[in-house]
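No hydrogens, no waters, no symmetry mates; every other heavy atom, side chains included, goes into these values.
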Amino acid sequence: QLQASGGGLVQPGGSLRLACAVSGILFSTDALGWYRQAPGKQRELVASITMSGTTDYTDFVKGRFTISRDKDNHTVYLQMTSLKLEDAAVYHCNLRRRGFNYWGQGTQVTVSS
């Protein structure tokens, strides 16, 4: 089970930190990530992190967002800074295991002045 939290309303240039609590057993080959989906758009990958800590970011968030996880890998965070209007979306936590995707409920991020 994946439980996301931390969304909210922020002004452009502001910051938010999302958290996703992961329950159950995690395997060394799993990867955790954040996706987002804006109205009328497809869900897109934002960032991912493997159990060994290797991170990957999509180009539009590089240098602004940071994905991390706690020591036991059961919480994954997305620190978002310098937020832009176009970052507004529902952010979904993702677990990828052996080619299958598992999703938590989304958390809404609204960027507005």
Side-chain angles (χ1 to χ4, degrees):
Q1 185 178 4
L2 304 167
Q3 184 74 33
S5 61
L9 172 64
V10 64
Q11 292 185 339
S15 300
L16 276 177
R17 189 174 83 153
L18 306 182
C20 177
V22 184
S23 58
I25 298 172
L26 290 171
F27 298 96
S28 61
T29 53
D30 290 344
L32 293 168
W34 289 95
Y35 285 68
R36 70 186 187 188
Q37 187 167 19
K41 295 188 177 181
Q42 288 190 331
R43 190 172 294 188
E44 57 187 0
L45 175 66
V46 176
S48 64
I49 186 166
T50 67
M51 295 300 101
S52 62
T54 301
T55 59
D56 187 38
Y57 298 90
T58 194
D59 285 346
F60 51 76
V61 304
K62 282 181 180 177
R64 299 189 298 124
F65 292 8
T66 303
I67 190 169
S68 62
R69 80 265 193 268
D70 64 5
K71 197 172 182 180
D72 66 2
N73 288 315
H74 279 80
T75 304
V76 60
Y77 303 97
L78 185 68
Q79 178 68 49
M80 304 185 293
T81 63
S82 301
L83 282 160
K84 304 177 180 181
L85 293 174
E86 53 264 40
D87 292 319
V90 177
Y91 283 70
H92 297 269
C93 184
N94 169 269
L95 166 65
R96 186 160 180 87
R97 173 175 293 166
R98 296 181 181 179
F100 290 92
N101 286 302
Y102 301 88
W103 301 97
Q105 95 293 352
T107 185
Q108 178 72 51
V109 172
T110 302
V111 184
S112 174
S113 55

A.B. asks: Examine Ile25 and Val76 and state if one hydrophobic cluster contains both, with Ile, Leu, Val, Met, Phe, Trp and Tyr joined whenever side-chain heavy atoms are less than 4.5 Å apart.
C.D. replies: no
A.B. asks: Should the heavy atoms of other residues, nucleotides or ligands under 6.0 Å from CD of Gln42 be counted, would the total exceed 12?
C.D. replies: no
A.B. asks: Just do the side chain to side chain contact (heavy atoms under 4.5 Å, CB included) check on Thr66 and Tyr57 with the steps written out, would you?
C.D. replies: CA-CA 8 Å; Thr66 303; Tyr57 298 90; 3.7 Å; yes
A.B. asks: Got a donor-acceptor contact below 3.5 angstrom from the His74 side chain to the Gly24 backbone?
C.D. replies: yes
A.B. asks: Between Leu45 and Ser48, which heavy-atom pair has the shortest distance, and what is it?
C.D. replies: CD1-CB, 4.4 Å
A.B. asks: Is the side chain of Thr81 donor-acceptor paired with the backbone N or O of Arg64 at a distance under 3.5 Å, no angle test?
C.D. replies: yes
A.B. asks: Does Tyr77 have any ring pair (Phe, Tyr, Trp, His ring centres under 6.0 Å) partners at least two apart in sequence or in another chain, and if so, which?
C.D. replies: none
A.B. asks: How long is the straight-line distance from OG1 of Thr55 back to CZ of Phe65, given to the nearest 0.5 Å?
C.D. replies: 14.5 Å
A.B. asks: Give a yes or no on whether Val10 and Val61 share a hydrophobic cluster (residues Ile, Leu, Val, Met, Phe, Trp, Tyr; joining criterion: side-chain heavy atoms under 4.5 Å apart).
C.D. replies: yes
A.B. asks: Restricting to pairs with a member in residues 8-113, which pass disulfide (SG to SG under 2.5 Å), not counting sequence neighbours?
C.D. replies: Cys20-Cys93
A.B. asks: State, with a plain yes or no, whether a side-chain heavy atom of Asn94 is found less than 4.5 Å away from one of Leu2.
C.D. replies: no
A.B. asks: Taking the side chain as everything from C-beta on, heavy atoms only, tell me whether Asp87 gets closer than 4.5 Å to Arg36.
C.D. replies: yes
A.B. asks: Nearest 0.5 Å, what's the CG-CG distance between Leu16 and Leu9?
C.D. replies: 8.5 Å
A.B. asks: Decide yes or no for Phe60 and Glu44: does some side-chain heavy atom of the first lie under 4.5 Å from some side-chain heavy atom of the second?
C.D. replies: yes
A.B. asks: Which side-chain N or O atoms in residues 105-112 pair as donor and acceptor under 3.5 Å with protein atoms at least two apart or in another chain?
C.D. replies:
| unit_1 | atom_1 | unit_2 | atom_2 | d |
| --- | --- | --- | --- | --- |
| Gln105 | NE2 | Ala4 | O | 2.8 |
| Thr107 | OG1 | Gly7 | N | 3.1 |
| Gln108 | NE2 | Ala89 | O | 3.4 |

A.B. asks: What distance separates Tyr91 OH from Ser5 OG, expressed to the nearest 0.5 Å?
C.D. replies: 15.0 Å
A.B. asks: Take a 6.0 Å sphere around CZ of Phe27 and say whether it holds more than 12 heavy atoms from other residues, nucleotides or ligands.
C.D. replies: yes
A.B. asks: Measuring from atom CH2 of Trp103 to atom CZ of Arg96, what distance do you get when rounded to the nearest 0.5 angstrom?
C.D. replies: 9.0 Å
A.B. asks: Return the set of residues passing salt bridge (charged side-chain N to carboxylate O under 4.0 Å, His left out) with Asp59 (not counting sequence neighbours), or none when no residue passes.
C.D. replies: Lys62
A.B. asks: I'd like to know if the side chain of Arg69 and the backbone of Met51 have a donor-acceptor N/O pair within less than 3.5 Å.
C.D. replies: yes
A.B. asks: Which pairs count as side-chain hydrogen bond (donor to acceptor under 3.5 Å, both in side chains) when at least one residue sits in residues 25-35, sequence neighbours excluded?
C.D. replies: Asp30-Arg97
A.B. asks: Are Leu26 and Ile49 grouped together when hydrophobic residues (ILVMFWY) are joined by side-chain heavy atoms under 4.5 angstrom apart?
C.D. replies: yes
A.B. asks: Got a second to check how far Leu32's CG is from Leu78's CG, nearest 0.5 Å?
C.D. replies: 12.0 Å
A.B. asks: For residues 38-68, which residue pairs pass the disulfide (SG to SG under 2.5 Å) check, not counting sequence neighbours?
C.D. replies: none
A.B. asks: First locate atom CG of Leu95, then atom CG of Asn101, and finally report the distance between them rounded to the nearest 0.5 Å.
C.D. replies: 8.5 Å
